[in-house]
Each structure stands twice: as C-alpha cells, then as structure tokens.
Amino acid sequence: QVQLVESGGGLVQPGGSLTLSCAATESIFSFKVTAWYRQAPGEQRELVASMTAGGSTDYADSVKGRFTISRSMSKNTVSLQMDSLKPEDTAVYYCFGHLGVGYWGQGTQVTVSS
C-alpha cells in the first residue's frame, strides 16, 4: 500500500514562508504526477501545484511566483516552498501522487494570520 505523509504545516504571519514536505513509501520519481492540493473551510479542494514524472510543473494562478514545487531523490520527497504567504492561503494542504491509481496524504494545516 502506497503511503504519502505530509509535514511542515503550521502558523505563519502574512508575508512569511513555509515549506511543506511529502514523504512516500515508493520512489517519488516513479509517480506519473505528484501534486499539492488545498482545501479551505467550506471550499472545494483545489490544485495548487503539480509536477510530472518528466519534471514539468504547473501552478494555480493564485500562487504563481510565490510557490515552488520540487522533488528530492535523496530524501524521496516532494516539497512545496511557499513564500509571501497571504491569509487566503490558509487551508489544509494535501499531497497527491498518481501511480496507476491516485494516492492522498492525510493533510497538513497551514494557517496564515497575524
């Protein structure tokens, strides 16, 4: 059973930075797609950033220029570097990986507030 485990969430002030990491029980580079989604209270889950096996990336318009998705072979993780955070970035962030079927992490809370 493939497992994805997120870490790195927390409380940060507006304008601050936070890095989320997602560790996988399979090689992160074997996934066809890895991605980060988020879900704010009362809202639908939305795609934040994605990366294909070949390394192509895509971002939601709301986070372009502020968030960066990356992979680490040595750590076997996919990360989301989040800079210039805004209160509207507050949400539970989920790691997703597609390996024939889709797998989700349990989510990690990110709260942006002064």
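Heads up: numbering here begins at 1 and tracks the sequence.
The list of ring-ring contact (aromatic ring centres under 6.0 Å, His included) pairs with a residue in residues 47-94, not counting sequence neighbours, is empty.
Contact record, D83 with S17: OD1-OG, 2.8 Å, taken as the closest heavy-atom pair. In terms of heavy atoms, S30 sits closest to E26 at OG-CB, 4.3 Å.
In this structure, the side chains of F96 and R45 stay at 4.5 Å or more apart for every pair of heavy atoms. Side-chain atoms of V78 and M51, non-hydrogen and from C-beta on, never get closer than 4.5 Å to each other. Using a 4.5 Å heavy-atom threshold, the side chains of F31 and V2 count as touching.
Atom CH2 of W36 sits about 13.5 Å away from atom OG of S50, to the nearest 0.5 Å. The structure places OG1 of T108 at 11.0 Å from CG of L80, a figure rounded to the nearest 0.5 Å. Here SG of C22 is found 13.5 Å from NZ of K75. Values are rounded to the nearest 0.5 Å. The distance from the CG atom of D89 to the OG atom of S113 is 12.5 Å, given to the nearest 0.5 Å. Note that CZ of R38 and CD of Q109 are 12.0 Å apart. Values are rounded to the nearest 0.5 Å. In this structure, the separation between CG on L85 and CZ on R66 is 6.5 Å, given to the nearest 0.5 Å.
With hydrophobic clusters built from ILVMFWY side chains whose heavy atoms lie under 4.5 angstrom apart, I69 does not share a cluster with Y37. V48 and W104 fall into different hydrophobic clusters, defined by Ile, Leu, Val, Met, Phe, Trp and Tyr side-chain heavy atoms under 4.5 Å apart, directly or through other members.
No option in T68, T19, V110 other than V110 meets the side-chain contact (heavy atoms from CB on, under 4.5 Å) test with M82.
Not a single donor-acceptor pair under 3.5 Å links the side chain of Q106 to the backbone N or O of V5. Using a distance-only test at 3.5 Å, with no hydrogens or angles considered, no donor-acceptor pair links the side chain of T77 to the main chain of A23. A donor-acceptor contact shorter than 3.5 Å links the side chain of N76 to the backbone of I28.
In E88, the CD atom is crowded: over 12 heavy atoms of neighbouring residues, nucleotides or ligands sit closer than 6.0 Å.
Checking Q81 against S79 by side-chain atom types alone, no donor-acceptor pair falls below 3.5 Å.
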